[in-house]
Number of protein chains: 2
Amino acid sequence: MTRATRTSPTLANVAAAAGVSRQTVSNVINTPGRVAPETRSRVQAAIETLNYRPNRVARSLRTRTSRLLGYCVQPAPVGMLNPVLDRFVHAITESAAEHGFHVLLFTAPAGAPGLDRYAELLAQQAVDGFVLSDTVVGDPRHGWLTAHGVPFSAFGRTWTGEDQGAWVDVDGAAGIGQAVAHVHAAGHRRIGFLGWPDGSGVGDDRLAGYQAGCRRFGVAPLVVRTDGGIEAGRTAAGGLLDRPDPPSALVCVSDLAAHGALRAVTERGLRPGHDIAITGFDDTPSAALPGIELTSLSQPIEQVGRAVVRMVLGPLGAAGPPTPPAGAAPHQLFEPTLVIRSSSHPKDDGGST
Amino acid sequence: MTRATRTSPTLANVAAAAGVSRQTVSNVINTPGRVAPETRSRVQAAIETLNYRPNRVARSLRTRTSRLLGYCVQPAPVGMLNPVLDRFVHAITESAAEHGFHVLLFTAPAGAPGLDRYAELLAQQAVDGFVLSDTVVGDPRHGWLTAHGVPFSAFGRTWTGEDQGAWVDVDGAAGIGQAVAHVHAAGHRRIGFLGWPDGSGVGDDRLAGYQAGCRRFGVAPLVVRTDGGIEAGRTAAGGLLDRPDPPSALVCVSDLAAHGALRAVTERGLRPGHDIAITGFDDTPSAALPGIELTSLSQPIEQVGRAVVRMVLGPLGAAGPPTPPAGAAPHQLFEPTLVIRSSSHPKDDGGST
DNA sequence: ATATATTGTGCGACTAGGAGT
DNA sequence: CACTCCTAGTCGCACAATATA
């Protein structure tokens, strides 16, 4: 006589109900091909009536896989970039689910000290692998995870030259190239770039895209750096605008910097889109606000999330309908989409055609 | 001769190293008081040298607890409200970690169909409880979880009158009350309210706060509804502004609505903060943008997250340094903070004092 | 020899009860 | 009888090797 605790049915219960052995039930679930059709349907009926679901924990213990992917949520979200990561979290959760995986969230300090948390989760067999984001130049996680043979994939390159692990990223250089081409096509010939300080992989990549664009169209580069904040962008953009030969277009490394530039422009009585073109990067919600209407580069986050999950699941032999391509390329670069708004192409201009 | 697979040390390994039984090692970890100090330190030394960490999965199987909290990430984030949920996710992850728990992410369709996902996770013993957010009027999850005896707590009330389960929320009525008091103190006597359609718990709550404020200060209520979008807010606010007796202050149910109102105001050549006061709700990043400077109500999300986790962990007997208060109140209401910017109090006005 | 179903065993930790001092 | 420690059994599942047709 067992306690009347609300306990879920087990493999044994199903086996008894169907009049077969436990192993046969297990086979029906994991390798249906090895079970005779007649038996199979009988077992499946029993599974239905008992509403049986395999206990994930017991399965994990036996198979030594948790079917969980670790993802570290950043302690201090920077600026306005959150919307991107927000969508990313949703994207990886959804993609993981399609492969029978779930996402386990944890926090960790940035840099090497945070590695302990990764090690902890691994030692506890809590996760099968990791999805990384917010990667920085010289990120210690890639090397550590690679050295320990832990499956992972990252949203963002390491920029170190050494090729450690799988990554997916958005082609910032190509994106900025689009922006440069866009303003050049609108007739702008003096095109400035509002960038980040030297040394950030993402910033350098976007700068490179700007420089390539300048070469391509034969215009002189005009670069100024800021630390990324709105105020800094405003000051830096102001410096460009106050030159004797001010640019007529300002391509910005981020929406945040672009907001600062917009401010600097309007302060000087100029109208964005008419007197000067401004573009940003990330297409954050604030870019679409009325009165802002910032042209920006939208990142295909959902695609990135799907690709990242596919890559980390590859070595894990994900259990999905189709087997993921085993020899899939460990890297993938997506191109952002230029969303044109009136900051670079005023509605009442009727320019095209 | 075992395979040379990179396998973590187990209880048995530690026991062998320390020259004790497995059970003694288990006691050292879980009930140190029952082990003689001398033995205890010897075992702890072995744990250190082997760098042993209990296998979460094995422990879960035996104790029938996963030390995981389920949290459903919403499929389609609405408007600009994400930053709030972004911070919330981080907050619950951090709070859970303090109690030895982790957060497991999953997706589910809204409403009753999504309950299957909750049931699935429960049947698989994948989680010990749930944290809910994005609750709506008549949300089916509360009743279902309560009926099944599943521990949970919610960010957001059910608004159904029936008291189902623990919740934490932000006092929208009190927040809007602050906004009304603020503009009233600035001399405004004709105060309009830009609200959501009838029937949304959150919207009705905020409206009630507005109405209470009007009664308190003896001003006539002036309410108009929108569906929440920027464009709708712009149209609705425009309707108020074009009246023969337009309001001189506009308290908005959300930042999104406020952005629409700002647009309507500037379109009519009015200056926010000077000619008319505008306030929003949520203090989204876009509220702080230069050229916007929207006065708004900031939600104490970190506190909310901590409280939500405390509540769901209560019935689970969380294992933390201090035992959580067993008879903790199942409800908690936090007051938002009014962040005053120039949309209601222009810098160059020098109003106060 | 092929197809199908079965028994035994262990994953790694906790719970229960017993043995030694 | 306390105190300390240990042996045996269990959680639910899947792997391996075995029976039965």
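This structure is a prediction, so every number in the text was calculated from the model and none was measured. Atoms considered below: every heavy atom in the structure, side chains included; atoms not considered: hydrogens, waters and symmetry mates. Below, chains carry the letters A, B, ... as their sequence lines are ordered, and counting in each starts from 1.
- Between E38(A) and R42(A) there is a salt bridge, since at least one side-chain N of the basic residue sits less than 4.0 Å from a carboxylate O of the acidic one.
- When ring centroids are compared, H148(B) and Y118(B) stay outside the 6.0 Å threshold.
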Encode nucleotides 9-16 of chain C as B, S and - characters from 5' to 3', where the letter depends on protein heavy atoms closer than 4.0 Å: B to the base, S only to sugar-phosphate, - to neither. BBBBBBBB
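- Ring centroid separation for the pair F106(A) and Y71(A) does not come in under the 6.0 Å cut-off.
- Taking side-chain N and O atoms only, T24(B) has no distance below 4.0 Å to OP1 or OP2 of dT4(D).
- Under the side-chain hydrogen bond (donor to acceptor under 3.5 Å, both in side chains) criterion, N13(B) pairs with T10(B), sequence neighbours left out.
- D139(B) and T158(B) form no side-chain donor-acceptor contact under 3.5 Å, judged by distance and modelled atom types alone.
- The shortest distance between side-chain heavy atoms of L68(A) and L104(B) falls below 4.5 Å.
- When rounded to the nearest whole Å, the span between CG of N13(A) and C1' of dC11(D) equals 13 Å.
- If you check dA1(C) for Watson-Crick or wobble pairing at under 3.5 angstrom, you find it has no partner at all.
- Note on T39(A): only backbone sugar-phosphate atoms sit closer than 4.0 angstrom, heavy atoms only; bases stay farther off.
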